[in-house]
Amino acid sequence: MSGSSSADDKIKAERILSFLEDTYGGISWWPGDTGEVMIGAILTQQTRWENVKKALALLKEKNLCSIAAIHTAAPEDIENAIRCTGFYRMKARRLIGLAAYVMETCGGIGCMETMPTKELRAGLLSVNGVGEETADSILCYGFCRPSFVIDAYTVRIAACAGIKTPRPGLKALFESVLPENTSVYRQAHARIVEYAKERCTSKRCEECRILALNG
DNA sequence: GACCAGGTCCTTG
DNA sequence: CAAGGACATGGT
């Protein structure tokens, strides 16, 4: 009972991840180019992905589904297309701010691709409306960087599993028990979301706890 | 009608 | 720093 809680948390995380891999196998997620991933990452904040898909389709119809297009579009046109994702006024502002950062500060997506991950992450976080989860989603799914995404589902599963590491440390915890590989991170995150949506719906689900305890 | 959804920022104590 | 509120629409 006196072992380091960090080591204990690692074992629990490993058991959860291993169970999810056996249960769900390979999952493909977030198709689309880098710009679309960036837009989707903002739109999905506090929002179901089904609604985000509708908004992305509307943006495509209007040829607004790219960072360059968002950069020059009328805010009202963006708002109208993304209304179904909620918080649409604020999200339109965030999209415009992100596009301005990409196009003006960075000089386009192409320039960002050559930036070191650490620097790229810091730059994204400097944009208003881009927090840790959004930045990591963009890095992992948009720029193919091994940056593990911690979202509400991951936090919930970790809590149910009895993992004691506080939220700010979860990213490092999960990264420490996985090979540093973008595809591995993507799949692990996708499985966590799928599992949480269908099985870990209560805030203290027994299944996660047992899983983390026994493997 | 209440409650929640793949967050983030800003304001208070 | 922790806690609370604002942002807003759509589905159960």
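Numbers restart at 1 for each chain; the letters A, B, ... are given by sequence-line order, proteins then strands.
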Item checked: Inter-nucleotide P distance (C:dA8, B:dG1), Å rounded -> 23 Å
Note to self: Between A:Tyr141 and A:Val127, which residue's closest nucleotide on DNA chain B lies nearer the 5′ terminus?
What the structure shows: A:Tyr141
Check: For DNA chain B, what string of dots and brackets results from 5' to 3' when Watson-Crick and G-U pairs need both distances under 3.5 Å, crossing pairs get [ ], and pairs with another strand get |?
Finding: .||||.|||||||
Next item on the list: Please report the shortest heavy-atom distance between A:Tyr141 and A:Val37, naming the atom on each side.
Entry: O-CG2, 3.7 Å
Check: When the nearest nucleotide of DNA chain B is assigned to A:Trp29 and to A:Gly129 on a heavy-atom basis, which residue is associated with the more 5' position?
Finding: A:Trp29
Margin query: Categorize A:Val130 for me: base, sugar-phosphate, or nothing, with a 4.0 angstrom heavy-atom threshold over every strand shown.
Written below: sugar-phosphate
Item checked: Chi angles and distances behind the side chain to side chain contact (heavy atoms under 4.5 Å, CB included) call for A:Ser176, A:Lys10 -> CA-CA 8 Å; A:Ser176 76; A:Lys10 277 193 183 187; 3.3 Å; yes
Check: What do the steps show when you test A:Phe143 against A:Arg121 for side chain to side chain contact (heavy atoms under 4.5 Å, CB included), and what is the final call?
Finding: CA-CA 11 Å; A:Phe143 287 97; A:Arg121 186 168 194 272; over 6 Å; no
Note to self: The criterion is ring-ring contact (aromatic ring centres under 6.0 Å, His included); which residues satisfy it with A:Phe174, sequence neighbours excluded?
What the structure shows: A:Phe148
Next item on the list: Look at all strands and tell whether A:Val155 reaches a base, only sugar-phosphate, or nothing, counting heavy atoms closer than 4.0 Å.
Entry: nothing
Notebook entry, point to check: With no hydrogens and no angle check, do the side chains of A:Thr154 and A:Asp151 hold a donor and an acceptor under 3.5 Å apart?
Noted result: yes
Check: Going by an N to O cut-off under 4.0 Å, is there a salt bridge joining A:Glu206 and A:Arg209?
Finding: yes
Notebook entry, point to check: For A:Ile39 and A:Ser66, which heavy atoms make the closest approach, and how far apart are they?
Noted result: CD1-N, 3.7 Å
Check: With sugar-phosphate meaning primed atoms plus P, OP1 and OP2, does A:Glu132 contact a base, only sugar-phosphate, or nothing at under 4.0 Å between heavy atoms?
Finding: sugar-phosphate
Check: What is the distance from CG of A:Asn128 to P of C:dC7, rounded to the nearest Å?
Finding: 15 Å
N/O-N/O pairs, protein side and nucleotides 8-12 of chain C side, under 3.5 Å:
{"residue": "C:dA8", "atom": "OP1", "partner": "A:Phe87", "partner atom": "O", "Å": "3.3"}
{"residue": "C:dA8", "atom": "OP1", "partner": "A:Arg89", "partner atom": "N", "Å": "2.9"}
{"residue": "C:dA8", "atom": "OP1", "partner": "A:Met90", "partner atom": "N", "Å": "2.6"}
{"residue": "C:dA8", "atom": "O4'", "partner": "A:Phe87", "partner atom": "N", "Å": "2.8"}
{"residue": "C:dG11", "atom": "OP1", "partner": "A:Lys54", "partner atom": "NZ", "Å": "3.1"}

Margin query: Heavy-atom count check: over 12 atoms from other residues, nucleotides or ligands less than 6.0 Å from A:Glu180 CD?
Written below: no
Note to self: Check this for me: does any side-chain nitrogen of one of A:Arg145 and A:Asp136 sit under 4.0 Å from a carboxylate oxygen of the other?
What the structure shows: no
Check: Using a cut-off of less than 4.0 Å, is there contact between a side-chain N or O of A:Thr134 and OP1 or OP2 of B:dT8?
Finding: yes
Check: Quick one: A:Arg94 CZ to C:dA6 P, roughly how many Å, whole number?
Finding: 16 Å
